[in-house]
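Have a look at the structure below before the remarks.
Predicted model, so just to flag it, every value in this text is computed and none were measured.
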Amino acid sequence: QVQLVESGGGLVQAGGSLRLSCVASGRTFSTYAMGWFRQIPGKDRQFVAAVSRSGDNEQFADSVKGRFTISKDNAKNTVYLQMNSLKPEDTAVYYCAAKSTLSSVGYYSIVGQYNFWGQGTQVTVSS
């Protein structure tokens, strides 16, 4: 079991930046691939970014490529989502997720592939 706690959300103007953090409990964080997803009311949860267990491989949704980066610090049990050049359409609740995996290089973009989820943090981008 792993518990995930997100932080760093808030209100920002278009063009601004935010960094989300997700801290995981437990001593096996290095065995998890991590992902960030987002959701707006009435819509399905959408993939944003993913990072492999090792932290060396990444994947991004087309809508955030070139603006968002993801990083994984196994020593701190933390995954980050750096969001730059934010747009109003980035407004959503952002969730981090963990997938237990034996693969050190795999990354995952589908909601159903993840075992554990955080409670979410609200990001609001004003125009």
*Would you say the side chain of Val123 lies within less than 4.5 Å of the side chain of Arg38, judging by non-hydrogen atoms?*
no

Using atom types as modelled, flag every donor-acceptor pair under 3.5 Å from a side chain in residues 14-33 to any protein atom, sequence neighbours excluded.
residue	atom	partner	partner atom	Å
Ser17	OG	Asn84	OD1	2.9
Ser25	OG	Gln3	N	2.9
Thr31	OG1	Thr28	O	2.6

*salt bridge (Lys or Arg N to Asp or Glu O under 4.0 Å): which pairs involve residues 61-88, sequence neighbours left out?*
Asp62-Lys65, Arg67-Asp90

_With a 4.5 Å cut-off on side-chain heavy-atom distances among I, L, V, M, F, W and Y, is there a chain of contacts connecting Tyr114 to Val79?_
no

*Rounded distance [0.5 Å steps], CD in Gln119 versus OG in Ser7*: 8.5 Å

*How far does CD of Gln39 sit from OH of Tyr94, to the nearest 0.5 angstrom?*
12.0 Å

*Any chance you could pull the hydrophobic cluster mates of Tyr80, using side-chain heavy atoms under 4.5 angstrom and chaining through other members?*
none

*Is it true that Val48 and Leu86 fall in one hydrophobic cluster, defined by side-chain heavy atoms closer than 4.5 Å?*
yes

*Residue pairs involving residues 39-70 (criterion ring pair (Phe, Tyr, Trp, His ring centres under 6.0 Å); sequence neighbours excluded)*: Phe37-Phe47

*Test side-chain contact (heavy atoms from CB on, under 4.5 Å) applied to Asp56 - qualifying residues, sequence neighbours left out*: Ser54

*Nearest-0.5 Å distance that lies between atom CD in Gln1 and atom OG in Ser100*: 11.0 Å

*asked:* Could you measure the distance from the CD1 atom of Ile70 to the CG atom of Asn57? Nearest 0.5 Å is fine.
replied: 11.5 Å

*asked:* Any side-chain to backbone donor/acceptor pair from Glu6 onto Thr121? Under 3.5 Å, distance only.
replied: no

Can I get a per-line list of side-chain donor-acceptor pairs under 3.5 Å for residues 102-111, giving both atom names and the distance, sequence neighbours left out?
residue	atom	partner	partner atom	Å
Ser103	OG	Val105	N	3.3
Ser103	OG	Gly106	N	2.9
Tyr108	OH	Thr101	OG1	3.1

_Polar side-chain atom of Thr124 near backbone of Thr91 as donor-acceptor pair, under 3.5 Å_ = no

_Hydrophobic cluster identity match, Trp117 and Val51, side-chain contacts under 4.5 Å_ = no

_Shared hydrophobic cluster, Met34 / Tyr95 (ILVMFWY, side-chain heavy atoms < 4.5 Å)_ = no

*Is Val93 reachable from Leu4 through a run of I, L, V, M, F, W or Y residues, each pair having side-chain heavy atoms under 4.5 Å apart?*
no

